[in-house]
Amino acid sequence: MLDIRLIRDDPEGVASALARRGVDSEAVLRARELDARARAHLTSRDQLRARIKALSREVAAAKRSNDDVRAAALAAESRRLGEEEQTAALQADRLHQALQDLLLELPNLPADDAPDGAGPQDNVELRRWWPGCSEGLPEPAVLEHQRVPHWEIGAALGVLDLERGARLAGSMFPLFRGMGARVLRALTSFALDQHADAYEEIRPPTLVLTETMTATGHLPKFADEAYHIERDGLWAIPTAEVPLTSLRRGEIIDEEELPLRFTAVTPCYRREAGAAGRETRGVLRVHEFDKVELFAYATPEQAPAIHEDITARAEALLQALGLRYRVVDLCAGDLGAASARTFDLEVYAPGSDRWLEVSSVSWYRDYQARRANVRYRPSGSRRAASSSDRAPRLVHTLNGSALAWPRIWAALLEQGRQADGSVRLPDCLAPYLNGELTISAPR
RNA sequence: GGAGGGAUGGCAGAGCGGACGAUUGCGCGGCUCUUGAAAAGCCGUGGGACCCCGGUCCCCGUGGGUUCGAAUCCCACUCCCUCCGCCA
């Protein structure tokens, strides 16, 4: 959610920043209008309330001095003002609600240094990595035996059974078998262990309340994308970002505690409502998948370094896995609604000759924190002279996948496929697979 | 699922229709005393909105209601605790 004060003070600035992502400036002007009208009603409501409170005190005084006539007259006057107050309050509430509804739909302002552009084609590639690149080896050519899509490799090696997955839950619910399933478990343990030095591991609920989904910006705008359990009012999370962002919802954190960093593995549920028939082969786009997430609450000053840290950690995982990847800076038009700046990590899939998004590392500034009402008390603020220096400030939130497993799984199979059809897995997984690093066809 | 008890400021814990946004204790911050610390004493110490530097309003789990006036009375809901049932 944007700061209404920013819209109040600099509507043109907000409108032009939002125009970079294709939002019509009319919405900003309407917000400013609603805000002004709501405040006018709020002021008259408060004035009426102040008058009623004063009258009530006079009623009490009159009763104490046994002046019942005067008390009755004052009470009648107060009752009359009460009706006016109700009207004003109703108006103020109505307008304020309309403003809130509008603000919940408005996306975040893109960061100044996010590149311009309207869509994915305008994203900026920042760098590439491949095994040996630091020693000056050239980007490797794709070998002929790697030109096999992962769903064929998975079926041939008996590690992926999409037909039976579909039997259980419908299409786009993958079922992994044997080494296929074990590799997912190994990846999760490996990734969590890599982050344990600085990120506290959390196992959050994966069904959450509407407020929890609203805090990250997944509701109300993207309700069609989420699985909803109507009977209990719960939503299946699309990412661990959702419960982690609400972990400290409504709290005021001491600055000394920041940054607070968390990591979590959860299943992620996505309806993929608009994606019917689009690149749905294999496990590249599925309704349920596991993902390890990195998340942080930070001060605005700490946020850029944390953004770098999460990106670096996700990259370190890809490098340990030996997977060719590139880093992309999302342009304003392709940024997620809540994000101010996002780096995507895309891994190369030789079987289909495509780059697959496996991580999205985003800086939300205070957009989510305002929705979730997560603040911090600046150090020394208790001694601060002016009240504005004493006030709690909104934290910044950041997160990134590290990483989303099905696409990594696909890349491991396609990049790791050997001439004999077996798949060679990266050494870093050895401790988690009892040293078994080859997936061979069943006898 | 059934029965009962509870929810007040960072914590503990009063208040049960009128000067209560809230007694008190602890904690925390500042000051005095002290070589320093402790002890003692004094002062201060929730969040938010509006208007603007002086005020006004809102918040005692949440949402309604009664009343001139609600932390206090009524209704619904949520969460926590205890007991029973069921259960991985």
Side-chain angles (χ1 to χ4, degrees), chain A residues 1-9 31-100 103 203 205-212 214-215 229-235 243 246-258 366 369-395:
Chain A
M1 196 152 68
L2 297 176
D3 188 351
I4 184 61
R5 275 168 291 204
L6 195 62
I7 294 175
R8 210 179 274 160
D9 299 340
R32 204 168 89 116
E33 169 72 13
L34 283 169
D35 173 54
R37 286 170 57 206
R39 273 155 60 210
H41 284 285
L42 210 64
T43 303
S44 61
R45 186 202 70 178
D46 283 358
Q47 284 167 351
L48 285 163
R49 281 190 182 172
R51 184 78 192 111
I52 289 166
K53 286 178 89 164
L55 280 170
S56 292
R57 281 192 288 270
E58 288 183 54
V59 172
K63 287 213 166 147
R64 267 196 298 276
S65 52
N66 290 317
D67 190 346
D68 290 347
V69 179
R70 180 172 152 73
L74 290 167
E77 166 71 358
S78 177
R79 207 177 301 130
R80 193 184 61 73
L81 288 175
E83 283 165 24
E84 279 186 50
E85 186 268 346
Q86 277 208 322
T87 313
L90 204 71
Q91 284 293 311
D93 286 352
R94 203 176 52 79
L95 289 162
H96 186 251
Q97 193 51 54
L99 174 62
Q100 284 311 101
L103 288 177
R203 192 14 268 236
T206 56
L207 297 178
V208 298
L209 301 171
T210 298
E211 298 90 287
T212 308
T214 305
I229 298 162
E230 211 155 328
R231 189 178 158 118
D232 299 292
L234 294 170
W235 301 80
S246 281
L247 203 61
R248 297 297 196 103
R249 191 167 74 223
E251 296 188 28
I252 300 173
I253 303 163
D254 284 331
E255 180 171 0
E256 289 71 28
E257 278 190 70
L258 296 173
D366 59 14
R370 184 170 292 105
R371 287 170 165 243
N373 191 221
V374 182
R375 292 167 295 169
Y376 72 98
R377 196 181 298 285
S379 313
S381 67
R382 288 176 200 282
R383 269 157 288 146
S386 89
S387 63
S388 61
D389 291 342
R390 217 169 14 234
R393 300 164 68 193
L394 290 164
V395 301

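The chains referred to below are lettered A, B, ... by the order of the sequence lines, with proteins before strands, and numbering in each begins at 1. Fair warning: this is a prediction, and the values are worked out from it, not measured in the lab.
Using a 4.0 Å cut-off between charged nitrogen and carboxylate oxygen, Arg79(A) and Glu83(A) do not count as a salt-bridge pair. Using a 4.0 Å cut-off between charged side-chain N and carboxylate O, Glu257(A) and Arg248(A) make a salt bridge.
Rounded to the nearest 0.5 angstrom, Ile252(A) CD1 and Arg375(A) CZ are separated by 4.0 Å. Atom-to-atom distance recorded for Thr214(A):OG1 and Met1(A):CE is 10.5 Å, nearest 0.5 angstrom. To the nearest 0.5 angstrom, Leu394(A) atom CG is 7.5 Å from Asn373(A) atom CG.
Per the geometry, CG belonging to Asp232(A) stands 11 Å off P belonging to C79(B), to the nearest Å. Taking atom CG on Asp254(A) and atom P on G29(B), their separation rounds to 11 Å, with Å as the unit. A straight line from CZ of Arg375(A) to P of G10(B) spans 11 Å, rounded to a whole angstrom. As a whole-Å value, the separation of Glu255(A) CD from G29(B) P is 16 Å. At whole-Å resolution of the value, CG in Leu234(A) and P in U78(B) are 13 Å apart. Residue Arg377(A) contributes atom CZ, which lies 16 Å from atom P of C28(B) at whole-angstrom precision. Protein atom CD1 of Ile52(A) is 16 Å distant from nucleotide atom C1' of G18(B), rounded to whole Å. In this structure, Arg64(A) places its CZ atom 17 Å from P of G69(B), rounding to the nearest Å.
Pairs of residues two or more places apart, or lying in two chains, that qualify as side-chain hydrogen bond (donor to acceptor under 3.5 Å, both in side chains) and include a residue from residues 88-98 of chain A are Gln91(A)-Arg94(A), Gln97(A)-Asp101(A).
Residue contacts shown for Arg70(A) are absent, as no nucleic acid heavy atom lies under 4.0 Å away.
Counting only distance, with no hydrogens or angles, the side chain of Arg32(A) and the backbone of Ile7(A) share no donor-acceptor pair below 3.5 Å.
Distance check on atom C1': U35(B) versus G48(B) gives 47 Å, rounded to whole Å. Taking atom P on both G5(B) and G10(B), the two are 28 Å apart, rounded to the nearest angstrom. Comparing the P positions of A88(B) and U82(B) gives an interatomic distance of 22 Å, to the nearest angstrom. Look at the P atom in both C11(B) and U62(B): the space between them is 15 Å, to the nearest Å. Nucleotides G1(B) and G13(B) are separated by 30 Å at their P atoms, to the nearest Å. Using C1' as the reference atom, A14(B) and G2(B) are 34 Å apart when rounded to the nearest Å. With both ends at atom P, the span from C58(B) to G69(B) equals 12 Å, rounded to whole Å. Comparing the same atom, P, in G18(B) and in C28(B) gives a spacing of 36 Å after rounding to whole Å.
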Base-contact (B) and sugar-phosphate-only (S) positions in nucleotides 50-64 of chain B, heavy-atom cut-off under 4.0 Å, - elsewhere: SS----SSS------
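Using the Watson-Crick or G-U wobble rule with both distances under 3.5 Å, C20(B) pairs with nothing in any strand shown. Pair assignment for C50(B) gives G55(B), based on Watson-Crick or G-U wobble hydrogen-bonding distances that are each under 3.5 Å. C28(B): Watson-Crick or G-U partner is G44(B), with both key distances under 3.5 Å. Across every strand in view, U34(B) sits unpaired, with no contact that passes the Watson-Crick or G-U test at under 3.5 angstrom. Shown here, G1(B) forms a base pair with C84(B); the pair counts as Watson-Crick or G-U wobble because both key distances fall under 3.5 Å. Across the strands present, U66(B) finds no partner; the criterion is a Watson-Crick or G-U wobble pair with both atom distances under 3.5 angstrom. Applying the Watson-Crick and G-U wobble criteria (two distances, each under 3.5 Å), G9(B) pairs with nothing in any strand.
Take Arg49(A) and apply the side chain to side chain donor-acceptor pair (under 3.5 Å) test, not counting sequence neighbours, and it matches Glu85(A). Checked against side chain to side chain donor-acceptor pair (under 3.5 Å), Glu211(A) has no partners two or more places apart in sequence or in another chain. Residues meeting the side chain to side chain donor-acceptor pair (under 3.5 Å) test with Asp366(A), sequence neighbours left out: Arg370(A).
Interface residues of residues 71-81 of chain A facing RNA chain B, ordered by number: Ala75(A), Ser78(A), Arg79(A); criterion, heavy-atom separation under 4.0 Å.
Residue-environment remark: CZ (Arg203(A)) exceeds the threshold of 12 foreign heavy atoms within 6.0 Å.
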